[in-house]
There are 2 protein chains.
Amino acid sequence: MIKLTKRQDEILEIVKRNGPITGKEIAEKLSVSRAALRPDLAILTMSGNLDARPRVGYFFNEKLGVKQQAERYIHQKVADFKAHPIVVEKSTSVYDAIVQLFLEDVGTLYAVDSEGHLAGVVSRKDLLRAAIGNRNLQELPVSVIMTRMPNIITIEPEATLFDAAKKMINYHVDSLPVVKEVDEQENTYLLVGRITKTTITRAYLEIMEEKSD
Amino acid sequence: MIKLTKRQDEILEIVKRNGPITGKEIAEKLSVSRAALRPDLAILTMSGNLDARPRVGYFFNEKLGVKQQAERYIHQKVADFKAHPIVVEKSTSVYDAIVQLFLEDVGTLYAVDSEGHLAGVVSRKDLLRAAIGNRNLQELPVSVIMTRMPNIITIEPEATLFDAAKKMINYHVDSLPVVKEVDEQENTYLLVGRITKTTITRAYLEIMEEKSD
């Protein structure tokens with residue numbers, strides 16, 4: 001897929017709204033000479049974005065437009081949509097973790113070891129279970145109640161949002177830590193972000209807003 | 001938008017895959033006579049689903065197909081996607097509500113009054129806050145800790161999933177009770193379901209799965 005210039009994008013918009021439209025009319029709308037437009041129109045026609053018909057003018061190629069739009073969504077990468085992960089040391093007390101959860105207003109905390117590698121995931125339910133367990137929450141470290149590696153469902157930055165949504169539905173989790181593998185043998189991962197069902201809900205809105213235009 | 005018969009859907013599929021294709025070839029694939037197909041082909045052509053060109057055959061009208069698909073998604077109704085709401089009486093103890101939350105494996109409970117009308121929403125965070133508050137959870141009713149009407153963000157069955165997704169993002173909530181208004185003056189609503197970010201994530205997957213075919 002070729003990257004269009006700003007001028008080429010403007011031409012596409014004009015043809016989308018007014019097509020069929022002649023090269024002369026496009027030139028007038030952009031206040032440039034027809035000769036100046038010729039290379040852009042050639043590129044747009046050769047790339048399949050526009051169709052041209054003699055004595056009629058330029059048409060927008062709807063099929064290619066929709067396909068490109070669909071492909072853009074299907075290729076949206078986790079790396080471009082991930083949010084900042086909220087992290088606690090795995091030795092942090094359950095009480096302090098609960099305070100952190102409220103302060104940051106998130107649903108999940110990630111526990112890391114002293115080297116910053118992902119050690120566990122602490123959900124609201126894990127904290128709630130501990131809180132009604134009549135234990136001393138100020139003494140209990142989150143490492144005792146967290147889900148640990150290798151039982152954590154993770155996603156990599158190069159994966160797509162589509163992959164992430166599938167994992168959350170299939171594994172019944174509300175969020176995924178985004179990780180980079182440091183050492184496969186030792187199951188060590190660097191935590192670089194999080195993807196949640198909120199991320200996916202925003203992506204859904206973006207698609208729908210485009211469709212409802 | 002007209003509702004197609006099973007036969008007409010089959011014809012559309014054949015033309016999508018094999019078009020341009022003649023009426024004779026379609027009839028052969030379906031093992032019926034060409035005469036028997038004529039009414040279906042007429043309907044599909046008049047409705048704009050198919051284009052026909054003399055001596056070439058039938059084409060699938062890609063533009064209409066994509067438009068119908070987009071419209072289908074944009075019109076998806078809350079009523080058709082809502083899940084069963086998990087309900088507690090507003091006099092239920094916080095302790096019993098927590099047990100219920102774990103048993104049903106949900107993130108939010110809805111509290112109802114003795115007439116079954118929506119009285120409040122109880123989130124994991126509300127329960128967690130109560131649990132670390134050093135109160136007697138077996139004596140504390142959920143009505144003390146819940147978010148009450150009219151501060152609850154609700155959605156109606158006739159609204160679209162798109163509306164629901166927008167509300168969840170704009171109001172920073174993970175789920176919406178689906179309600180029917182009983183009496184506007186008295187703020188009474190019948191609870192008929194719930195929509196969550198999981199609902200939206202599933203809808204996103206459905207769109208993407210179609211696009212990745």
Side-chain angles (χ1 to χ4, degrees), chain A residues 61-67 69-76 94-95 98-99 101-102 105-107 123-134 137-138 160-166 168-170 172-175 196-213, chain B residues 61-67 69-76 94-95 98-99 101-102 105-107 123-133 137-138 160-170 172-175 196-213:
Chain A
N61 187 343
E62 192 88 22
K63 195 168 152 182
L64 186 73
V66 171
K67 193 156 167 269
Q69 180 186 317
E71 293 205 341
R72 184 155 55 82
Y73 288 123
I74 209 82
H75 290 129
Q76 284 178 328
V94 168
Y95 187 88
I98 293 173
V99 171
L101 186 98
F102 279 103
D105 194 21
V106 289
S123 71
R124 283 169 289 200
K125 281 198 173 168
D126 295 328
L127 295 170
L128 192 52
R129 202 181 286 111
I132 59 167
N134 292 317
L137 301 182
Q138 254 128 357
T160 64
L161 276 193
F162 179 46
D163 296 328
K166 262 190 289 189
M168 286 192 279
I169 293 296
N170 292 342
H172 302 278
V173 292
D174 285 335
S175 75
T196 68
K197 284 179 179 167
T198 303
T199 320
I200 304 298
T201 302
R202 284 181 196 281
Y204 170 91
L205 275 185
E206 200 195 310
I207 298 172
M208 287 297 149
E209 271 156 11
E210 196 153 313
K211 282 188 172 169
S212 65
D213 277 348
Chain B
N61 186 342
E62 192 88 22
K63 196 167 152 182
L64 186 75
V66 170
K67 191 153 170 272
Q69 180 186 318
E71 294 204 339
R72 184 155 55 81
Y73 289 122
I74 209 83
H75 291 128
Q76 284 179 327
V94 168
Y95 187 88
I98 294 173
V99 171
L101 186 98
F102 279 103
D105 194 21
V106 289
S123 71
R124 283 169 289 201
K125 281 199 174 169
D126 295 328
L127 295 171
L128 191 53
R129 202 181 286 110
I132 60 169
L137 302 182
Q138 254 128 358
T160 64
L161 276 194
F162 180 45
D163 297 327
K166 261 191 288 190
K167 273 199 168 176
M168 285 192 279
I169 292 297
N170 292 343
H172 301 277
V173 292
D174 284 335
S175 74
T196 68
K197 284 179 180 167
T198 303
T199 320
I200 304 297
T201 301
R202 284 182 196 281
Y204 170 91
L205 276 185
E206 201 195 311
I207 298 173
M208 287 297 149
E209 270 156 11
E210 198 155 311
K211 282 188 173 172
S212 64
D213 277 349

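Chain A is the first sequence line, chain B the second, and so forth, proteins listed ahead of strands; every chain is numbered from 1. These figures come from a predicted structure and were not determined experimentally.
The candidate from Val94(A), Leu161(A), Thr160(A), Leu137(A) with the greatest count of non-hydrogen atom pairs under 4.5 Å with chain B is Leu161(A). When each of Val106(B), Thr196(B), Thr199(B) is scored by its heavy-atom pairs under 4.5 Å with chain A, the top score falls to Val106(B). Taking chain A as the reference chain and counting heavy-atom pairs below 4.5 Å, the highest number among Met168(B), Lys166(B), His172(B) is found for Lys166(B).
Once rounded to the nearest 0.5 Å, the distance linking NZ of Lys197(A) with NZ of Lys197(B) reads 10.5 Å. Within the model, atoms CG of Asp163(A) and CE of Met208(B) stand 11.5 Å from one another, a figure rounded to the nearest 0.5 Å.
The residue from Leu205(A), Ile169(A), Thr201(A), Ile207(A) that alone fulfils the side-chain contact (heavy atoms from CB on, under 4.5 Å) condition with Tyr204(B) is Ile207(A). Under the side-chain contact (heavy atoms from CB on, under 4.5 Å) rule, Lys125(B) has a single partner from Leu127(A), Ile98(A), Leu128(A), Leu101(A), which is Leu101(A).
At a 4.5 Å heavy-atom cutoff, the contact between Asp174(A) and chain B is made by side-chain atoms alone.
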